[in-house]
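Below is one structure, written out as structure tokens, with a few remarks after it.
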Protein chains: 2
Amino acid sequence: MTPPVKRRPSGHHHGDLRNALERAALELVAEKGPHGFSLNEASRRAGVSVAAPYKHFADREALLAALAVTGYREQRERFAGAVSALDDPADQLAAFAAAYVRFAAERPALFDVTFYAGLDKARHPELAEAGDALLATLLPVAARITSGESAAFDLLLRISSAAHGLAVFLRQGLFGVAADALEETAHRAAHTARALIADAKSSAA
Amino acid sequence: MTPPVKRRPSGHHHGDLRNALERAALELVAEKGPHGFSLNEASRRAGVSVAAPYKHFADREALLAALAVTGYREQRERFAGAVSALDDPADQLAAFAAAYVRFAAERPALFDVTFYAGLDKARHPELAEAGDALLATLLPVAARITSGESAAFDLLLRISSAAHGLAVFLRQGLFGVAADALEETAHRAAHTARALIADAKSSAA
DNA sequence: ACCTGAACACCGTTCAAGT
DNA sequence: ACCTGAACACCGTTCAAGT
């Protein structure tokens, strides 16, 4: 039997304060929204002083940025999974669009932190990198449909922005999109993706 | 010559503190982003005590909600203008999509407050109303293209979410969309709208 | 009716000090 | 190396009091 990890030598921590803080932060966002997160409250939940986080994160924003990187990474994994499960590139992009909406619905706190925490990309280059990695995963798929790299980027941007818009509407209940209309909205994203693919093909012809 | 309005009887205000606070708030958001706004700083800029705003707004969120209503209203005006300048419904919806992107680029602070301030619609029914008013302006246009109210709503939702996604990407510099690529992005939104219209027509046929 | 002054709990951040 | 304790400026909000 593994010993319980509850006791920690007072004055030190259990060795993974960084992760504990990230988890507490995500909890807080889930409970009170991206604005309800405070470093002090997260410290309290992790059982440390309010000064402790500064040994692991430069400031409040840096913790959020770390979570956002996690968000991008999980998106990339989901998208890669959706792509690798199919063969036809149009099917793959439609699945990507649906997965985008599903990510927002199934990981709402992570989605909000990643896209709604007001993180400045210029101040957090890791975010730009994570975003580029996402793009790099999908670009080859789009390139199998279009002729030319530029057209592939264009198509991918259109599908992504349409999926993002639907994901945001779903998250915020905008435009009459009910928060529980996940399947309908995911289907809508896939449908839109197919329409944009058809348009890209007819433009190329 | 109209007398300068600078002097105010100390102890009272110039009579429009509410507006002065809203302007100061929008200034702050423009300067430091939607999270950089504080009621105290806005009070300072308006030249009143930190308690004064509470005679005009229930709390910090209520001020933001008032600004968001302004945002929806200005959007509606812009969209109505784009629609009334044209005759063909497809042209009108394409112009609407382009205007959506332009609003984000030309009124960034207002766009951010309206969509990125984390306002809870359940707690601010005025927001839901303003959003519905927007929808009501565009629905008849979409209905001229589709057969049936439900299909019109569907088409409008697709065009709006695509435009919203592009607007967000432009505002946040996501997905390689440069912040200064306004015309290109507006054109992209219009193009996407036309593709979705074509798809709606072919689905109906 | 509209505003001030003072107060409270809370937050982000810093820094010297402890182990 | 990693954390605490105490401190600072700042914030949202309340309330009694002033005119």
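None of these values were measured; they are calculated from a predicted model. In what follows, chains are A, B, ... by sequence order, proteins preceding strands, each numbered from 1.
- The side-chain hydrogen bond (donor to acceptor under 3.5 Å, both in side chains) analysis of residues 111-122 of chain B, with sequence neighbours excluded, yields the pairs B:Asp112-B:Arg171, B:Tyr116-B:Gln172.
- Between the C1' atom of D:dT19 and the NZ atom of B:Lys55 lies a distance of 14 Å, rounded to the nearest Å.
- Residue pairs meeting the side-chain hydrogen bond (donor to acceptor under 3.5 Å, both in side chains) criterion with at least one partner in residues 47-71 of chain A, sequence neighbours excluded, are A:Glu61-A:His124.
- Evaluation of the salt bridge (charged side-chain N to carboxylate O under 4.0 Å, His left out) test over residues 99-108 of chain A, restricted to residues two or more places apart or in two chains, returns A:Glu74-A:Arg107, A:Arg78-A:Glu106, A:Arg102-A:Glu183.
- With a 4.5 Å cut-off on side-chain heavy atoms, B:Leu155 and B:Ile197 count as touching.
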Open item on the list: So if I define the base as every atom that isn't primed, P, OP1 or OP2, how would nucleotides 7-14 of chain D read as a B/S/- string at a heavy-atom cutoff under 4.0 Å?
Closed with: ----BBBB
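- When base pairs are accepted only as Watson-Crick or G-U wobble with both N-N or N-O distances under 3.5 Å, DNA chain C takes part in stems of 3 or more pairs at C:4-8 with D:12-16, C:12-16 with D:4-8.
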List the atom pairs, donor and acceptor, that lie under 3.5 Å between side-chain atoms in residues 91-101 of chain B and the rest of the protein, sequence neighbours left out.
unit_1, atom_1, unit_2, atom_2, d
B:Asp91, OD1, B:Arg194, NH1, 3.2
B:Asp91, OD1, B:Arg194, NH2, 3.0
B:Gln92, NE2, B:Val83, O, 2.9
B:Gln92, NE2, B:Leu86, O, 3.0
B:Tyr100, OH, B:His164, ND1, 2.8

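- Taking B:Phe37 as the reference, nothing meets the ring-ring contact (aromatic ring centres under 6.0 Å, His included) condition, with sequence neighbours excluded.
- Screening residues 35-50 of chain A for salt bridge (charged side-chain N to carboxylate O under 4.0 Å, His left out) gives A:Glu27-A:Arg45, A:Glu31-A:Arg45, A:Glu41-A:Arg44, A:Glu41-A:Arg45 as the qualifying pairs, with residues at least two apart or on separate chains.
- Contact annotation: A:His56 side-chain N/O to D:dA1 OP1/OP2 distance is not under 4.0 Å.
- Each salt bridge (charged side-chain N to carboxylate O under 4.0 Å, His left out) pair with one or both residues in residues 157-169 of chain A, not counting sequence neighbours, appears once here: A:Asp154-A:Arg158.
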